[in-house]
Structures are given as structure tokens and as C-alpha cells.
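To keep things clear, I will list the structure first and then write my remarks on it.
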Protein chains: 2
Amino acid sequence: MNASNLIQQIADTVGVHRSTVLRILRGDLEYRRPSYVQRAERVRELAARYGYRPNTAARAVAEQRFRAVAFLNHRDRQFSHLPSPLIDGVQDALDAAGLGLLLTRCSDTDLADPGYAPKVLRECCVDGLLVNVNALPNPRLYDLLDRPDTPSLWLNIRAGRNCICPDDRAAARSLTEALIARGHQRIGYLGFGTVRHYSKAERPAGYRDAMEAAGLEPCAITGPPGSIAGGGRALLASAMTTLATGPGPAVWIGYSTFECIQVLHLAQAQGLRLGEDLLLASFVDKPGGGNRMLCAEAVAPSYDLGRTGVDALVRRIAGELEQPEIALPWTITTDIEPHPNWA
Amino acid sequence: MNASNLIQQIADTVGVHRSTVLRILRGDLEYRRPSYVQRAERVRELAARYGYRPNTAARAVAEQRFRAVAFLNHRDRQFSHLPSPLIDGVQDALDAAGLGLLLTRCSDTDLADPGYAPKVLRECCVDGLLVNVNALPNPRLYDLLDRPDTPSLWLNIRAGRNCICPDDRAAARSLTEALIARGHQRIGYLGFGTVRHYSKAERPAGYRDAMEAAGLEPCAITGPPGSIAGGGRALLASAMTTLATGPGPAVWIGYSTFECIQVLHLAQAQGLRLGEDLLLASFVDKPGGGNRMLCAEAVAPSYDLGRTGVDALVRRIAGELEQPEIALPWTITTDIEPHPNWA
DNA sequence: CTGAAAGCGCTTACAG
DNA sequence: CTGAAAGCGCTTACAG
């Protein structure tokens, strides 16, 4: 039994036209007269009994819009950071807006191709693109960002418009300030970030902001990915020795827990002990993400990123041409109890 | 400019009927006569220039099938284990089959409702359901498993049919055998698994298989989630003391790294040191997932789970009514270099 | 191989 | 408020 026959059957039973049945089930009319109300009730009841379900694709064809959105990630996972809170935020916002979610992947060449986005829109049956490609600054990518015929919203990049991004600079500043407020003065920053992402520059910048505002000497070690194995290691070792001199523990802020582990390696060689001589802080995706080796962490606003991104995309789909960049605040947590094995 | 006008325009330019343009672009005909080949080429060229894109929704309505699949996860994340290799496997297999992917969520009541699956099928415009709800053994759930009108394939449950599951028993056995082969004899198992999942029983069972086959005394501590705080802790402590007596390190296999950390806590209290007195092994989602505190790990076949699941679902959609359960092998890795901080 | 027609399941004006 | 019609953009027989 196909859907058309089902509708016809309901129409015949109740004694109305097919289009009336569809209209009632669509539910966009308010009935006043009791006889109409009863009839509508009858139709709904029959539809439920027969297990009728509207065909969203047919509706999309008729309405000429799809009521769905594509979530676009890079084929190479390292260019699309996808923590589960991000997916949750996207899904919650889409549910609230009554929109469906399609999962797609793309490559570098796809993004550079001006025909790619329209292709995704029609072939995936979606009205807009939520693009989660954050570490690939292909200049031609920005054509897509501005095209009014293919509404897109970008996550986790700084583009000035049509994007949502965690405010890494403010987060680094707040994290550093929180450490200073707890009495720490010898605070270092280490960033060997392997990704091409604005955070690589913003985190040390925010750190410097806070140190300079407090009249403290910044000590930031940053470098290309491979540098930990080369001179960077010696540089870090000597900075650690310098910072270790003084009352109480020194604090190292890592770009990620990867850097924190590098610090731990060297600490061991230098006879410095975590908790007593040394504390670690970093940026994490989820609370407790640092395996409890951290005394303080900045937790990324991934859930909000998803929600806010969908909301802005919905506005673009609705016709607002350009959306302003929104920078989202991180959550700073201090005084984390260290894991017994690290203490 | 809408799509119909575009097709009409191409048809007018080339001097053929609309339906011929659609037919050429669909590409299901082989042209022999050169004049036809040239004309077809002309049509494709114009379509590309105008940026024509087929409307998949319209095709779905005409074909009465959607060429897409829904990936169904539980609203409560703890009931749907979703590591990224699983998503990758699903997407690779769907790409190969030319199918789209929709992401959906469900609750307990949804699964118990016999009308839910048909609803998802039609309203999400998909031909089948890939269900990733693995820790909720609602008996009514199995109605959905068998319904021939709503093709579904379940991931990570043991249902005997229409499901794909990692073979936890075999993995536990292989992991234990590998440890025995490396000369270990004093091997314990600890499982405080907090989830209702077949692995909770299969992992200790596989461990016992291997121990008994080697003529060794099994020492398995399993219990309800909370038991670590109660008597379970004392039980584990005494078992660890017993196992510690002998040449070389004892090995503890944890249900997950959570259990391994419990062992480490107690080890510290007992003055046992990781690497010398004690080694750890466990089950992980990704290679190196145990933060390098493990000397051996069983890596879950998540990618294969996604691929195999999609393949089986595609067969169900194509008409094969019931698919046999497939149990997938894990990857066993031994002789992992311990992390310097643990060593 | 092409054209003309009917159909997929819906929505949206438009008379009544 | 309803019915009849036209339309959304495709596919699939069916004559020619």
C-alpha cells in the first residue's frame, strides 16, 4: 500500500477530497465549527491507525526547500575538529528549528571548486551548509563564505563574518589571570601546535596580555611542530630551569595536553615534581580532559559553537545575507584536584 | 532561475525535448551514433555552464526510494558509543554505495514505539536505519530488529541476527593468550563496567578461556559499578597483593582504562611500581588510547563495524530479509613502550 | 534513440 | 472551509 492510496482511502472513508485530508494532516488550519473539528479528528485518527507518514521529500519538491542542513567535515580528520559536544549542540539547535541533519565530507579541491557548494545543496537536499573545516586556510575557500545563493556558516575559524569561533585569546588571558589571582607569578607558555589554526597565535597572545597587565615577565615558547625534537627542547629545558627558581611551584600553560606531556618529560629529567615544583594548565575539549594532570583548564565552548552556528545559519537561510563573526567564551576551571598518580 | 526552467532552456538551445535532456544528464543510456554522442556532449556542457544540479528529492519522489540511510544514536550519549573511526567507516561504506547519511537521535520510548521506525524512514527520507543503541536491552526493541518493512541494522549488540558486534570474548582471549605467550603467568582481570553491554560478561569469559586453556589460575574481579568504593576495593587490594608475589611483574587486564587507574591507585598505596612490579592491559577505542600506561591493548574494530554494518544494511534494503550476526575481530597489540612518566 | 504522457506525493493559489 | 487544478522536478513505461 503506497502513501497516495492511503490518503485516498482515508478520503473515501471520511467522504472528503484527498487534498482536504492532506490539509488536515498538515495542521495549518484552525477549525471552528464543531462538525469540522470532529471530521478533522476522524481523519487524524484514521491516519494514525493506518500508520500514514508524510513524505518529506515530496514536500520538499513542492515547497522548493528542504528543511535540512548539511554538516560538512573534511575527509582528513585533522582539519575538522569534531568533539561530541559540538554534534550535540548542532543537533539540539536543529531539532528546535525543525530541521534535519545530513553528514557530508569534502576534500581540499572540493572547497576550491565554486560549483561544489551548490552541488551539495541540491544533491544532499539541504538549504544550507554548516562547514566545520578549521585548519585549511585556502584563500579560495572564502568565495564560498560570501556567496548569497549558498548559505553557509563556518565553525571554528576567524573570518570576520559568517563564522562562529571560540575566543581563544580571551580564554588564554582569563586562564592566565586566574592563575595570577591564585598567587602564581612564574607562569610560562608552551605551544608547539601542529595545526594551522588561529588558536596557535591567539593563545600565546592572550597569555602575554595577562602577564603584561599584571606587570609580570612573559615567558612564551612557541615554534613549528617539529621543533620539540630540535632546539626547542633545549630552549624549553633552560626556560623550565629558570622558571623553577622561586617560592612555590612554577606553572606551565600548554597549547594542549601534548605540550604538557613534553613539560613532564623534561621535569622528570630535571628532578622537578608535579604538584610541588611544577603545575600544568591547558586548553581542553571536555572538563577533566587533561587526565587530571592539570591544575587549571580552559574548556572549549563546543556545545555553544554548535548551537550558535546553527542559529546563525538559519538566519542566513531565512535571507539575512551576512552574519557577524561571533567569538564564544571558554569556561575557566581552577583548583582542580590532581590525580593521585600525578601528585 | 529554477531548475525546470534551466532544463527547458538547455532543451531549447539544443533543440530537443526536456525529457531528453534529463535522460542524457541521468547518463543511463549508451550512445552509438556520433551525432547523438555530440548532442549529448553539448547538453552536458550547457548543464555544467549553467550550473545545473539534479534535485535528489524529486528523484526520490519519482523513484519511491531515497538512496539514503539514517544513523540513529541515543539521546543519552552513554547508550550510544560513537568513536570517530565508526563514523568514518559508516561514511566510507555509504560513499561507496552512493547513499546519503542522515544523523538522528532517539529516546527509550521512541524505540519501544512500533510506529517510530516507519516515521523516521519517511520523515527523514531514508531507506534504512543504522541503529547505534548498544546498552539498552529493552525487550520491545527487538520488534524493530525483525520488521521486514523497516530495514534496520544494529551496531554493537549481540542479537543473533541483523547486527554487527565486536567479538569481545575472542578479543579478551587473544589478549590474555598474548600475555601468556610473552611469559606472564600471574594475570588478573578487573571489570567494574558501568554499562549494560554484552562486553561486560564476554571480556572476563574470554580471559578465563585463555587462562584455563593454559592451565593457569584465573583471578577475575567483577562487580556492579559502585562496588569499587565498597568491598570491591578490599577484594582487589588483597588480590593484587596475592598476584604480586612471584618473579617479574603481575599483569592486570582492565575492562577499560578506568579499571586500570583503580589498580594504579592501589598499587601506589601498596608500594608497587608500574613497569617493575605491575603491568596493565586493556581494551581501547584507538591505538594508544590508554595514554601509554598500558603494555598491551585490544583495539576495537570500530571502523570495520561501520563499514560492515552499512554493507549488511544495504543488503537488507535490497531485499535480503535477515542478516546473520557478524562478530568482528579486535586488534591485539603487545610490547607497547610505556610512557616515560609511568615508567 | 526521442517525444508525449502519466505518475511519484506533496503544496499553493483560486473559485466557490 | 472545500474541491479541482496546476505545479514542484524528477522517472518510467509506451508509442513511434
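Just so it is clear: chains get the letters A, B, ... in the order the sequence lines come, proteins before strands, and each one is counted from 1. Bear in mind the structure is a predicted one, so any value in this text is a computation, not a measurement.
- Using cut-offs of 30° and 60° on the angle between ring planes, the pair B/Y31 and B/Y36 is tilted.
- In this structure, CD on B/Q91 lies 5.5 Å from CG on B/L101, to the nearest 0.5 angstrom.
- Although no hydrogens or angles enter the test, the distance criterion places a donor-acceptor pair under 3.5 Å between the side chain of B/S80 and the main chain of B/H74.
- One N or O on the side chain of B/T308 and one on the backbone of B/D304 form a donor-acceptor pair closer than 3.5 Å.
- Taking 4.0 Å as the cutoff to heavy atoms of chain B, we find the contact window on DNA chain D bounded by D/dG9 to D/dA13.
- A distance-only check finds a donor-acceptor pair linking the side chain of B/R161 to the backbone of B/A159 [under 3.5 Å].
- In this structure a side-chain-to-backbone donor-acceptor pair under 3.5 Å is present from A/N132 to A/H81.
- Enclosure of atom CZ in A/R315 by more than 12 non-hydrogen atoms of other residues, nucleotides or ligands within 6.0 angstrom is indicated.
- Judged by distance alone, the side chain of A/D127 and the main-chain N or O of A/R67 form a donor-acceptor pair under 3.5 Å.
- Across the interface with DNA chain D, nearest-nucleotide mapping of B/V61 and A/R33 shows A/R33 to be the residue nearer the 5′ end.
- Residues from residues 36-60 of chain A with heavy atoms under 4.0 angstrom of DNA chain C, sorted by number: A/Y52, A/R53, A/P54, A/N55, A/A58, A/R59.
- Pairing analysis of DNA chain D (Watson-Crick: purine N1 to pyrimidine N3 plus N6-O4 or O6-N4; G-U wobble: N1-O2 and O6-N3; both under 3.5 Å) yields stems of 3 or more pairs at C:1-3 with D:14-16, C:5-12 with D:5-12, C:14-16 with D:1-3.
- Using a 4.0 Å heavy-atom distance criterion, A/R23 is classed as a base contact.
- Of the possible donor and acceptor atoms, one in the side chain of A/R316 sits under 3.5 Å from a partner among the backbone N and O of A/L321.
- Residue-level contact check: A/E30 touches the backbone only, with heavy atoms under 4.0 Å from sugar-phosphate atoms and none from bases.
- Residue contacts for B/R32: at a heavy-atom cut-off of 4.0 Å it reaches the sugar-phosphate backbone alone, with no base atom in range.
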